[in-house]
Amino acid sequence: MFDTEQERNRIKNLEALKKQNIDPYPYKFSITHTIKETREKFDSLSSGKTKVKIAGRLMAIRLHGKSTFANIEDETGKIQLYFKKDSSLNYDILKLFDTGDIVGCEGTLFKTRTEEITIFVDTFNMLAKSLHPLPEKWHGLQDKEKRYRERELDLIMNPEVKEIFLMRSKIISEIRNFLDKKEFIEVETPVLQALYGGAFATPFETYYKALDRNFYLRISDELYLKKLIIGGFHKVYELGKDFRNEGLDRFHNPEFTFMELYEAYSDYNDMMTIVEKLFEHLLKEIKGSNTLEFEGKKINFKRPWKRIPFFKTIQEKTGIDFIGKERKEIFESAKSLGIEVEKQATTGKILEAIFSKIIQPDIIEPTFVIDYPKDISPLAKSKRGNDKLVERFEPIISGMEIGNAFSELNDPIEQLARFKLQQKLRDKGAFESQPLDESFLASLEIGMPPTGGLGLGIDRIVMLFTNSASIRDIILFPQLRT
RNA sequence: GGGCCGUUAACUCAGUUGGUAGAGUACUGGAUUUUUAAUCCAGGAGUCGCGAGUUCGAAUCUCGCACGGCCUACCA
């Protein structure tokens, strides 16, 4: 710490301030306006010579002998300051201020001869001394690793980053608005779980000392939320973090934000409508339009979205009807299509690999892929009229899965059979099959109404809205190696 | 997991065939009372990611490791 020349200079300035009885870290400073307000109200503030008090980070300082210009920024914008030796009360301590310092000042507004709104500073105060030099003013902070690891510096130097996270916040708040208006109740269920479930994924494990046993961080909220439907709530949702002990890439972070909702007396068709309307709402509120630009493609979200059946779509592309086919045959077909899968892959897993390789990348417009294989959907109800499929869909946009939804299986006897099938698959080596959850089965026996359930990946939605190529650009502190 | 690329001053980046480590910004000192990527003059600043090896000599060549980026695979 403090081992570079620039850091030592800042320490010297800090000590000099202290010597003049100036606290470099005072407790409070009351502003009269934000920078944005100051600019917006320039006419009335400047004509009355009204004193304004503002605060922010010193981003640039230009000394001209007996006068000095500086730029400061707060969350709302930036503004220029002007100091004059004869008029600014404490002009001489200016040389102890460095870029990066948090400062407050009081003064009146005027425009320079180039029409720039500027504060003529009467008095100024150190609010927090910065001991770390800022990155270069012109190129900013470019190094991706540093930007992710030191996001606070990234936010200071790259204004577009702030915009992304403001939009993320707005998206999440509009999702809540949308659901609240539809009378969904927001609930909180355990993150720390004795048994994980609701998705196919490897969990993070942890040890709970008081109970002397291992716990898991949740991989999904599904089973607890269904218990609430059983308990009598009609519409519930939860918006929070799930955790999956898997690889890192530009679409995956080990902790990610997911929204799950469940609605009694509904099915997966109703869930499709909710997805369509939710996106319509988000686009209207955030973009003021019905289209998005993502990775150079214009995406139109006009209702209704396309619905394409999982098996039929594969058949149209390959000429092969996989419904009801034996595993061996499916495995060979995958091979001949040039798709490699693990030896112990289940039929559903092979089919999903085929789908995600040869169909999914070409789905650009918002599309519901519907009616999935049963063995990869143990919590979904069988499809009406075709017992080999389930009523499940995934919304796909620009080749990206952004969620998952079912008509929820509510027959406890069939659910037990599905869990047992999962157990069998697990014994054959499919380690990510869903564990049998006795507690959930017991709850189902009490009776769950017909229910539609939906999960949406919030991070992926934020990627779409902010046209971000990597999940790391839309998570404030993404996981990196330590 | 595999492939390719990268890591040099606080930041953004050059660095030729292996021969004393460079620029711009930032910083320090000086000049400068409407500048705004201010300007002018002078100056300081480096574990060249880490560790081995080859060599008289390595930022540069070789090997290993770490971290990152892109692609690919896996993660339904």
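To find a chain, count down the sequence lines: A is the first, B the second, and so on, and within it residues start at 1.
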Atom P, compared across G18(B) and C11(B): separation rounded to whole Å: 29 Å
What pairs of residues pass the side chain to side chain donor-acceptor pair (under 3.5 Å) test when at least one of them lies in residues 76-88 of chain A, not counting sequence neighbours? R62(A)-Q80(A), D74(A)-T76(A), Q80(A)-T118(A), K85(A)-D92(A)
What parts of residues 467-482 of chain A reach RNA chain B, counting only heavy atoms under 4.0 Å away? R472(A), L480(A), R481(A)
Say we look at C67(B) and C75(B): how far apart would their C1' atoms be, to the nearest angstrom? 23 Å
Secondary structure of RNA chain B in dot-bracket form (Watson-Crick or G-U wobble, distances below 3.5 Å, | marking inter-strand pairs): (((((((..((((.....[..)))).(((((.......))))).....(((((..]....))))))))))))....
Neighbours of RNA chain B within residues 93-111 of chain A, by heavy-atom distance under 4.0 Å: F110(A)
Nucleic acid contacts of residues 347-365 of chain A, taken as heavy-atom distances under 4.0 Å to RNA chain B: K349(A), E352(A), K357(A)
Is R250(A) reaching over with its side chain to a backbone N or O of A469(A), donor-acceptor style, under 3.5 angstrom? yes
Integer angstrom distance from the C1' of A66(B) to that of A23(B): 29 Å
Value rounded to 0.5 Å, distance of CD1 in I396(A) from CD in E365(A): 13.5 Å
Contacting residues from residues 195-207 of chain A, given that a heavy atom lies under 4.0 angstrom of RNA chain B: F200(A)
Salt bridge check, K226(A) against E408(A): does any charged N sit closer than 4.0 Å to a carboxylate O? yes
5'-most by nearest nucleotide on RNA chain B - D143(A) or A60(A): D143(A)
Quote, to the nearest angstrom, the C1' distance that separates C40(B) from U32(B). 9 Å
Between C56(B) and G1(B), how far apart are the C1' atoms? Round to whole Å, please. 43 Å
